[in-house]
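Scroll down for the structure; my scribbles are underneath it.
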Amino acid sequence: MAALALGGAVPVWLSEEDLSCIICRELLDWPTTLPCGHSFCYQCLDDLWVKQRAGVGGRPWACPTCREALEAKPTLRKNPLLQDLADKYRHAALELEPGPETAPVPPRRPAPPPVTVQKSTTEEVIQKLTELVRQLVDVVKSLPTQSPLGGSGPDNERGILGMASSSEKEHSLSSPKAVASSASERKIREILHNLEEIQEKLQGGVTWKEASGEQVPEMPSSSLCLLPVQRCPVPRRASQFALRAISPTFDLRSLSCILEVSNSCRTVTVSRCPQPYSWGSERFLISQVLCSQALSSGQNYWEVDTRNCNHWAVGVASWGMKRDQMLGRTMDSWCIEWKGPGQFSAWAMVKKTDLHLGRPEVVGVWLDLELGKLAFYSVSAQERLLYECEVSASSPLHPAFWLYGLSPGNYLEIKQVNS
């Protein structure tokens with residue numbers, strides 16, 4: 001590969017999460033990197049270790065992300081490369097913030113900044129479509145007007161406008177090229193009319209209406225279909241496991257201090273700041289939580305909506321699972337885990353299995369303690385098996401959840417299963 005010219009700049013797309021500390025959820029400040037490769041703010045890591053060792057029985061020095069333990073407290077040194085990147089990101093983010101004065105109008109096609117946060121929203125898509133339609137309108141208007149009769153006069157103008165006059169019919173017998181040209185003119189004017197209607201709709205905002213349970217953009221019947229139709233999911237049939245469905249609720253005693261739970265105890269969210277929960281030996285040190293329901297026999301099924309969480313794990317664990325361990329990395333916990341495209345896996349008996357499948361929007365969990373089976377399904381119109389394994393536990397199992405990442409507001413929701 002050819003080397004870059006000295007001093008050349010290469011745009012690198014970074015999000016705040018790439019340069020953030022998992023403990024404080026802010027950009028790294030005096031970053032220090034542990035032997036396992038994970039990095040944190042020096043003060044955040046030092047304070048966390050002090051709190052952990054002050055707990056009952058004391059706790060070893062360990063990485064807050066992967067929980068790799070260290071025999072002794074390491075010497076924490078500043079990572080100058082990460083510090084430089086974080087400082088550049090801060091500087092770029094400040095430049096992107098609007099100032100008190102009116103910002104200058106950007107060029108039509110501005111070059112992308114070297115560091116930016118990419119966000120795809122419906123509003124941006126509509127703006128881009130509006131610009132494309134405007135360009136199409138300009139192109140169609142600039143097309144040369146062809147006179148089918150090579151002259152002027154009332155009959156010729158009616159032919160251009162696509163009016164089926166008697167004179168046009170007479171010319172169609174003697175001049176087939178003139179008829180073809182007139183048809184082209186009519187088609188161009190029809191396209192222009194449709195484009196202008198779409199342009200008006202885009203500029204005025206798209207209104208939506210309910211039709212047969214689906215959301216369809218309200219567009220004129222004559223308009224060209226340039227916008228993708230956004231549809232709601234196909235109504236799914238009743239689950240084959242509905243008779244065994246339960247409605248688990250999150251247990252507040254196990255809830256990590258960086259998570260919060262809704263009043264119904266069925267939605268768990270990444271908090272914007274650490275919560276002042278009272279410390280207890282049953283509380284997780286990392287962003288995990290168990291449900292209150294202890295399942296010791298029979299068959300049980302529940303569903304979890306994962307669409308609003310970037311990185312997550314869903315599974316089961318015994319109440320005795322160590323509170324500084326990650327779900328699936330112990331002999332008494334099992335799960336499937338999504339950390340991004342190409343990083344979908346299952347964990348059973350501390351063994352990882354890669355799942356070469358797409359991201360499920362809703363996960364169904366089937367726990368058959370009579371047969372000692374645990375299965376995970378992708379739930380849409382019907383259940384599709386993602387992974388199945390054996391479970392064996394000497395104590396009851398609880399639905400278990402892990403929300404990984406630095407995105408406050410990400411949440412998992414336990415759904416109501418339709419019977």
Side-chain angles (χ1 to χ4, degrees), residues 14-91 93 250-261 268-290 309-313 321-327 329-330 339 401-411:
L14 295 173
S15 67
E16 186 173 349
E17 184 173 334
D18 296 326
L19 297 171
S20 295
C21 169
I22 193 175
I23 301 172
C24 67
R25 295 185 186 80
E26 300 290 342
L27 285 173
L28 289 165
D29 183 23
W30 214 96
T32 183
T33 303
L34 296 179
C36 60
H38 295 113
S39 300
F40 313 90
C41 298
Y42 168 84
Q43 197 62 51
C44 293
L45 182 61
D46 191 62
D47 291 347
L48 178 63
W49 281 349
V50 170
K51 291 179 182 178
Q52 290 178 354
R53 294 187 64 79
V56 179
R59 298 185 182 277
W61 292 282
C63 171
T65 298
C66 67
R67 306 309 304 169
E68 180 179 315
L70 302 169
E71 294 182 359
K73 183 178 180 180
T75 301
L76 301 180
R77 294 185 175 88
K78 181 179 179 180
N79 186 323
L81 177 60
L82 281 179
Q83 184 67 71
D84 186 52
L85 285 174
D87 290 342
K88 288 181 178 179
Y89 188 97
R90 286 190 186 91
H91 180 71
F250 297 113
D251 191 290
L252 300 181
R253 295 170 298 170
S254 66
L255 184 65
S256 164
C257 289
I258 58 178
L259 300 176
E260 50 188 322
V261 165
V268 59
T269 306
V270 178
S271 177
R272 299 189 179 278
C273 58
Q275 298 299 303
Y277 304 140
S278 60
W279 169 251
S281 59
E282 297 175 324
R283 191 173 304 285
F284 278 105
L285 295 177
I286 52 181
S287 53
Q288 297 182 147
V289 62
L290 300 179
C309 192
N310 295 330
H311 313 286
W312 49 265
M321 175 185 171
K322 292 183 178 180
R323 292 318 196 238
D324 60 353
Q325 295 294 310
M326 293 171 61
L327 189 60
R329 279 68 165 179
T330 66
K339 296 177 71 175
F401 305 82
W402 172 50
L403 291 80
Y404 173 77
L406 302 172
S407 301
N410 274 216
Y411 65 90

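Scope of the values below: all heavy atoms of this structure, side chains included, with no hydrogens, waters or symmetry mates.
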- Query: Out of curiosity, Q83 CD to Y42 OH, how far, rounded to the nearest 0.5 Å?
  - Reply: 14.0 Å
- Query: Are H38 and I22 close enough that some pair of their side-chain heavy atoms sits under 4.5 Å apart?
  - Reply: no
- Message: For R272, give me all partners under side-chain hydrogen bond (donor to acceptor under 3.5 Å, both in side chains), at least two apart in sequence or on another chain.
- Response: none
- Message: Holding to salt bridge (Lys or Arg N to Asp or Glu O under 4.0 Å), I want the full list of residues that pass it with K339, two or more places apart in sequence or in another chain.
- Response: none
- Query: Can you name the salt bridge (Lys or Arg N to Asp or Glu O under 4.0 Å) partners of D87, sequence neighbours left out?
  - Reply: R90
- So how far is it from D324 CG to F284 CZ, rounded to the nearest 0.5 Å? 9.5 Å
- How many angstroms lie between SG in C41 and CD in Q43, if you round to the nearest 0.5 Å? 9.5 Å
- Query: Do L259 and T269 touch side chain to side chain, with heavy atoms closer than 4.5 Å?
  - Reply: no
- Message: Treating R323 as the side-chain partner and S254 as the backbone partner, does any N or O pair qualify as donor plus acceptor under 3.5 Å?
- Response: no
- Message: Let me confirm one number: the CG-CZ distance from L255 to R283, rounded to the nearest 0.5 Å.
- Response: 6.0 Å
- Task: Would you please name every residue forming a salt bridge (Lys or Arg N to Asp or Glu O under 4.0 Å) with D29, sequence neighbours left out?
- Result: none
- Separation between CG (N410) and NE2 (H311), nearest 0.5 Å, reads 7.5 Å
- Item | Residues forming a side-chain hydrogen bond (donor to acceptor under 3.5 Å, both in side chains) with R253, sequence neighbours excluded | D251
- Task: Taking salt bridge (Lys or Arg N to Asp or Glu O under 4.0 Å) as the test, write out the residues that go with R329, two or more places apart.
- Result: E337
- Message: Side chains of S20 and E26, heavy atoms from C-beta outward: is any pair under 4.5 Å?
- Response: no
- Message: Taking side-chain contact (heavy atoms from CB on, under 4.5 Å) as the definition, give me every residue that meets it alongside Q275, ordered by chain and number, with sequence neighbours left out.
- Response: E260, S271, C273, Y277
- C24 and F40, any side-chain heavy atoms less than 4.5 Å apart: no
- Query: With sequence neighbours excluded, what pairs up with Y411 under the ring pair (Phe, Tyr, Trp, His ring centres under 6.0 Å) test?
  - Reply: none
- Message: Checking L82 now: which residues fulfil side-chain contact (heavy atoms from CB on, under 4.5 Å) with it, not counting sequence neighbours?
- Response: L19, L28, P31, T33, S39, N79
- Item | Atom pair OG/NZ of S281 and K322 - distance to nearest 0.5 Å | 14.0 Å
- Task: Work out which heavy atom in D46 is nearest to a heavy atom in K73; give both atom names and the distance.
- Result: OD1-NZ, 2.7 Å
- Item | Contact check, side chains of I258 and V270, non-hydrogen atoms, under 4.5 Å | no
- Tell me, do F250 and F401 make a side-chain contact under 4.5 Å, heavy atoms counted? yes
- Under the side-chain hydrogen bond (donor to acceptor under 3.5 Å, both in side chains) rule, collect the residues that match up with K78, sequence neighbours excluded. none
- Item | Residues that E68 engages under side-chain hydrogen bond (donor to acceptor under 3.5 Å, both in side chains), provided they are two or more places apart | none
- Query: Taking only residues two or more places apart in sequence or in another chain, which ones pass side-chain contact (heavy atoms from CB on, under 4.5 Å) with P74?
  - Reply: L34, W49, L70, L76
- Item | pair T65-Y404: side-chain heavy atoms closer than 4.5 Å | yes
- Message: Is any side-chain heavy atom of Q288 closer than 4.5 Å to one of V268?
- Response: no
